[in-house]
Number of protein chains: 2
Amino acid sequence: MSLNPENAANADLGRTWLSSAEVRPTKQRLALADLLVGDGRNRHVTAESLFAAASDTGAKVSLATVYNTLRAFCDAGLMNEVTVDGHRSYFDTRVDEHPHYYWEATGELTDAPKSAVAFAKEPEAPAGATVSRVDVVIRLAKNSRV
Amino acid sequence: MSLNPENAANADLGRTWLSSAEVRPTKQRLALADLLVGDGRNRHVTAESLFAAASDTGAKVSLATVYNTLRAFCDAGLMNEVTVDGHRSYFDTRVDEHPHYYWEATGELTDAPKSAVAFAKEPEAPAGATVSRVDVVIRLAKNSRV
DNA sequence: GTATATGCAAACCGTTTGCATGGCT
DNA sequence: AGCCATGCAAACGGTTTGCATATAC
């Protein structure tokens, strides 16, 4: 599988991602970037989950650096912080505005398809203010079998 | 103004509110309830802001009790916890599902009029799951004068 | 060479909890 | 009387920070 040309390209996705935002590609940041965007798909992580994933691959990154790095990626516009749970921060590699599913049973956060939410009209701001973002979180309960 | 019959009624709003959920009306809970629903309007508070408000009125309540009480009110269905800011919990006296404004400049949370958000169709859950709640937070930036 | 990132441990902050005291029914 | 709420202070968990070292440019 390492011969698959797609994988060869993917190996550079993380580096490209970092350079697109002029973020210094250090060893740790490359390792984390690879975990985040290495396969071209979107990720939703917490600092702890990313730290665990990095440790699993043998990467040598401290938890504090994971926190600092996620902040840096957000500041650089590479990721978005999503607030759904008062005691944990989620970070999303997808930076456009889109709805989320929050699986209450597991605490997992995933993208909702755009089709899941349709506004009849754009949400309105009160006078003297402008909408900076609209967060939509669809909280999901496991189907209880009736 | 203390002669205003509405105020006389209001003095009991807190007590009525508590008894409607079978929550024991202790001195502290009555003081907090009065601050929360005493004027019949909806409130959005944090533990700290409610503690400060209580202290301002001379009420003798500890911060821990404010936390415990807000939890108790939520458990009793009197309030809802709203998550908009990863490092603070907001509590809302309005328990039906409705959108919120989050004023990024001040960290204030207020109700949005129902008319501010209109769905073309109800948000959808993926197969095998059911929607437990849909949180809509309209984040507001102060209008910059151009 | 200089600015910046990393790692560790300690600080931090909002929140929760254990336990003794006091209050509600 | 008995159960439950209160208060204090200590514990807690996620996150940030200070400082010395290491690395990118």
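Chain A is the first sequence line, chain B the second, and so forth, proteins listed ahead of strands; every chain is numbered from 1.
- Considering only heavy atoms from C-beta on, V134(A) stays 4.5 Å or farther from V137(B) through its side chain.
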For this session: Apply side-chain contact (heavy atoms from CB on, under 4.5 Å) to D85(A) and Y90(A), showing your working.
Result: CA-CA 9 Å; D85(A) 173 340; Y90(A) 290 79; 4.2 Å; yes
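- The residues R71(A) and E81(A) are annotated as salt-bridged, a charged nitrogen and a carboxylate oxygen being separated by less than 4.0 angstrom.
- In this structure, L70(A) CG and M79(A) CE are separated by 5.5 Å, a value rounded to the nearest 0.5 Å.
- Contacts between residues 46-69 of chain A and DNA chain D, defined by a heavy-atom separation under 4.0 Å, are made by A64(A), Y67(A), N68(A).
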Problem set entry | Verdict with reasoning, F91(A) to F73(A), per ring-ring contact (aromatic ring centres under 6.0 Å, His included) | CA-CA 9 Å; F91(A) 296 89; F73(A) 287 0; 9.6 Å; no
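- The main-chain N or O of S89(B) is never found under 3.5 Å from a side-chain atom of T46(B) such that the two would form a donor-acceptor pair.
- For S49(B) (side chain) and V45(B) (main-chain N/O), no donor-acceptor pair under 3.5 Å exists by modelled atom type.
- Side-chain contact between V61(B) and V66(B) is present, with heavy atoms from C-beta onward closer than 4.5 Å.
- Taking a 4.0 Å limit (strictly below) on heavy-atom distances, residues 83-93 of chain B does not reach DNA chain D anywhere.
- Checked against L36(A) for a side chain to side chain contact (heavy atoms under 4.5 Å, CB included), the options T93(A), L78(A), N42(A), T69(A) give a single hit: T93(A).
- Checked for salt-bridge contact, D92(B) and R43(B) miss the test: no charged N lies under 4.0 Å from a carboxylate O.
- Of the inter-residue distances, the one linking S132(A) atom OG with Y102(B) atom OH reads 10.5 Å to the nearest 0.5 angstrom.
- Note that CG of L13(B) and CZ of R41(B) are 13.5 Å apart. Values are rounded to the nearest 0.5 Å.
- We find the NE2-CD distance between H100(A) and E108(A) to be 12.0 Å, quoted to the nearest 0.5 Å.
- Atom CG of L140(B) is separated from atom CD of E104(B) by 7.5 Å, given to the nearest 0.5 angstrom.
- Reading DNA chain D from its 5' end, the first and the last nucleotide to sit under 4.0 Å from a heavy atom of chain A are dG14(D) to dC25(D).
- A72(B) pairs by the side chain to side chain contact (heavy atoms under 4.5 Å, CB included) definition with R29(B), not counting sequence neighbours.
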Seminar exercise, completed: DNA chain D in dot-bracket form (Watson-Crick or G-U pairs under 3.5 Å, [ ] crossing, | inter-strand) is ||||||||||.|||.||||||||||
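- For DNA chain D, the neighbouring residues in residues 19-33 of chain B, judged by any heavy atom under 4.0 Å, are R24(B), T26(B), Q28(B), R29(B).
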